Chemist: 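Have a look at this one.
For clarity, every value in this text was computed on a predicted model and none was experimentally measured. For the single chain, residues carry numbers from 1 onward in sequence order.
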Amino acid sequence: KAKETGKNKYLFFSEEMQASFNKKVEIDNLLRKALKSEGFVLNYQPIIDGNTGKVISFEALLRLKDIPISPAIFIPVAEERGLIIPLGRWVIKEVIRQLKEWRDKGLELKPVAINLSPKQFYDDNLLQYLEKKITENNLDPSLIEIEITENVLVENKDENIKVLHKLKKLGVSIALDDFGTGYSSLNYLTFMPINKIKLDKSLKDKFIEQQNIQIIGSIISIAHSLNLKVVAEGVENSEEYQELKKLSCDYMQGYLFSKPLIAEEAEKIFSRVFTGGKRSDVSI
Ligand code: C2E
Ligand code: MG
Ligand code: MG
Ligand code: MG
């Protein structure tokens, strides 16, 4: 339902809504306009420590202001039409501005994860831009986390791995997103300079089957043996939460804890502890 699309509400995406926006040209126009007129906003979804229930960080998720179209739809269009570089820069700039605002308000800062599309690796100045923004604002670089997918290995693999090493050297941390989709070769984990893997929701959706639980458990063990932390994405109910806890999954993210929130809502839950009981116990 297209409710609550006002400025202070979160955007929900229904299939019908997406179908009506399925024209690339239309989306291209929307994106160009939004880039010119501050038409984007970031939502922040908390990531929870599986053991303590504390919020450990947030993931920044891009939204078109007041237009209910998912980034899963408009990011690929931005990539195809050469808009991802200015858009990606806007996201970096905005996350850093937000962190600074939160610091100025006296909040104890939490790291914020930024999704980077493989196409952004073609931006030669990406690193310099990020570094400049971090130093200009006197931010601890570990407050920035970069989320990449294994697609960064598809084109320009060696070059992109070099960029990742430089990012790590800069002090930002790196998470491998959407693990369990695509090829997800475990081999990647041994040579990609990453700190964390994020298990895709689709892995866990087949959870009920015992075999899948074992597979997830094995992935978590392997990740831990390589000194990587594991985040489960799309945790929607307490059964999943309990099961993942048993498997020693470090961190969790999902609607069970919170949907992506506007900044003003996100800052209210900085110090919230989620108990992980029934949904009503944890909703905010
Ligand atoms: P992602 O990075 O894997 O982000 C996780 C997605 O799962 C988000 O969708 C989030 O809202 C959704 N999600 C979180 N918890 C749950 C849950 O419990 N259940 C379900 N069903 N979904 C959950 P969103 O915000 O629509 O973003 C979709 C994708 O768009 C992201 O997937 C990411 O690949 C891309 N994206 C979003 N923001 C940016 C951005 O700033 N830059 C780039 N390059 N890509 C972005
Ligand atoms: Mg992500
Ligand atoms: Mg993901
Ligand atoms: Mg994803």
Chemist: Please determine if Lys259 forms a cation-pi arrangement with Tyr255, meaning its NZ or CZ atom is less than 6.0 Å from the six-membered ring centre and no more than 45° off the ring axis.
Modeler: yes
Chemist: Is there side-chain contact between Ile220 and Leu199, with at least one heavy-atom pair below 4.5 Å?
Modeler: yes
Chemist: Roughly how far, to the nearest 0.5 Å, is the CD1 atom of Ile213 from the CG atom of Leu247?
Modeler: 7.0 Å
Chemist: Sub-3.5 Å donor-acceptor pair from the side chain of Asn237 to the main-chain atoms of Glu239, do we have one?
Modeler: yes
Chemist: Testing Glu243, Glu233, Glu240 one by one against Lys204 for a salt bridge (Lys or Arg N to Asp or Glu O under 4.0 Å), which residue passes?
Modeler: Glu240
Chemist: Going by the angle between their ring planes, with limits at 30° and 60°, are Phe58 and Trp102 parallel, tilted or perpendicular?
Modeler: tilted
Chemist: What's the shortest heavy-atom distance between Tyr44 and Ala266, and which atoms?
Modeler: CB-CB, 3.9 Å
Chemist: Just how far is it from atom CE of Met192 to atom CG of Leu226, taken to the nearest 0.5 Å?
Modeler: 13.5 Å
Chemist: Could you measure the distance from the CZ atom of Phe74 to the CG atom of Leu64? Nearest 0.5 Å is fine.
Modeler: 4.5 Å
Chemist: For the residue pair Leu99 and Val112, what are the closest heavy atoms and their distance?
Modeler: CD2-CG2, 3.9 Å
Chemist: Does CD in Gln211 sit with more than 12 non-hydrogen atoms of other residues, nucleotides or ligands closer than 6.0 Å?
Modeler: no
Chemist: What's the verdict on side-chain contact (heavy atoms from CB on, under 4.5 Å) for Thr149 and Thr181, showing C-alpha distance, side-chain angles and the deciding distance?
Modeler: CA-CA 10 Å; Thr149 65; Thr181 61; over 6 Å; no
Chemist: Might you work through the side-chain contact (heavy atoms from CB on, under 4.5 Å) test for Asp124 and Tyr129, ending with a clear yes or no?
Modeler: CA-CA 9 Å; Asp124 289 335; Tyr129 185 74; over 6 Å; no
Chemist: Given the rule that I, L, V, M, F, W and Y join up when any side-chain heavy atoms are under 4.5 Å apart, are Ile56 and Leu107 in one cluster?
Modeler: no
Chemist: Are side-chain heavy atoms of Leu228 and Asn195 found at a separation under 4.5 Å?
Modeler: no
Chemist: To the nearest 0.5 Å, how far apart are CD1 in Ile48 and OG1 in Thr275?
Modeler: 11.0 Å
Chemist: side-chain contact (heavy atoms from CB on, under 4.5 Å) between Leu256 and Glu236: does it pass, once the steps are laid out?
Modeler: CA-CA 4 Å; Leu256 171 67; Glu236 291 181 345; 5.5 Å; no
Chemist: Got His165 and Lys168 here, is their nearest side-chain heavy-atom distance under 4.5 Å?
Modeler: no
Chemist: Would you find more than 12 non-hydrogen atoms of other residues, nucleotides or ligands less than 6.0 Å from Lys100 atom NZ?
Modeler: no
Chemist: Distance from Ile27 atom CD1 to Ile75 atom CD1, nearest 0.5 Å?
Modeler: 11.0 Å
Chemist: Does Leu87 reach the side chain of Leu35, with side-chain heavy atoms less than 4.5 Å apart?
Modeler: yes
Chemist: Minimum heavy-atom separation for Val152 to Asn160, with atom names?
Modeler: O-ND2, 2.9 Å
Chemist: Here's a test for you: under side chain to side chain contact (heavy atoms under 4.5 Å, CB included), which of Gln45, Gln253, Glu265 qualifies with Pro260?
Modeler: Gln45
Chemist: Nearest 0.5 Å please: distance from the CG atom of Asp123 over to the CD1 atom of Ile84.
Modeler: 11.0 Å
Chemist: What about Val95 and Ile174, same hydrophobic cluster or not, with Ile/Leu/Val/Met/Phe/Trp/Tyr joined at side-chain heavy-atom distances under 4.5 Å?
Modeler: yes
Chemist: Could you tell me if the side chain of Leu203 sits less than 4.5 Å from the side chain of Ile219, heavy atoms only?
Modeler: yes
Chemist: Salt bridge (Lys or Arg N to Asp or Glu O under 4.0 Å) between Asp158 and Lys162: does it pass, once the steps are laid out?
Modeler: CA-CA 6 Å; Asp158 296 338; Lys162 272 188 214 154; over 6 Å; no
Chemist: Are Ile197 and Met252 linked, directly or through intermediate hydrophobic residues, by side-chain heavy-atom contacts shorter than 4.5 Å (ILVMFWY only)?
Modeler: yes
Chemist: What closest approach, in Å, do Asp250 and Val230 show between heavy atoms, and which atom pair accounts for it?
Modeler: OD2-N, 2.8 Å
Chemist: Look at atom CD of Glu108 and say whether more than 12 heavy atoms of other residues, nucleotides or ligands are closer to it than 6.0 Å.
Modeler: no
Chemist: Is there a side-chain contact between Leu83 and Arg32 (heavy atoms, below 4.5 Å)?
Modeler: yes
Chemist: Can you name the nearest heavy-atom pair linking Pro46 to Ser258, along with the distance?
Modeler: CG-CB, 3.5 Å
Chemist: Taking salt bridge (Lys or Arg N to Asp or Glu O under 4.0 Å) as the criterion, tell me which of Lys198, Lys110, Lys196 meets it with Glu59.
Modeler: Lys198
Chemist: Do the side chains of Phe40 and Ile67 get nearer than 4.5 Å, heavy atoms only?
Modeler: no
Chemist: Check Leu126 against Gln120 and note the closest heavy-atom contact, atom names and distance.
Modeler: CD2-O, 3.8 Å
Chemist: Is there a side-chain contact (heavy atoms from CB on, under 4.5 Å) between Asn125 and Arg89? Walk through the geometry before answering.
Modeler: CA-CA 10 Å; Asn125 299 316; Arg89 285 190 179 217; 3.3 Å; yes
Chemist: Kindly assign one of parallel, tilted or perpendicular to the pair Phe274 and Phe257, based on the angle between their ring planes and the thresholds 30° and 60°.
Modeler: perpendicular
Chemist: Between Val91 and Leu116, is any pair of side-chain heavy atoms under 4.5 Å apart?
Modeler: no
Chemist: So does Glu159 get a backbone contact from the side chain of Asn156, meaning a donor-acceptor N/O pair under 3.5 Å?
Modeler: no
Chemist: Same cluster or not: Leu62 versus Phe121, using hydrophobic residues (I, L, V, M, F, W, Y) connected whenever any side-chain heavy atoms lie under 4.5 Å apart?
Modeler: yes
Chemist: Just do the salt bridge (Lys or Arg N to Asp or Glu O under 4.0 Å) check on Lys105 and Glu101 with the steps written out, would you?
Modeler: CA-CA 6 Å; Lys105 284 185 176 172; Glu101 187 188 311; 3.4 Å; yes
Chemist: Would you say Ile148 and Leu130 are hydrophobically clustered, going by side-chain heavy atoms of ILVMFWY under 4.5 Å?
Modeler: yes
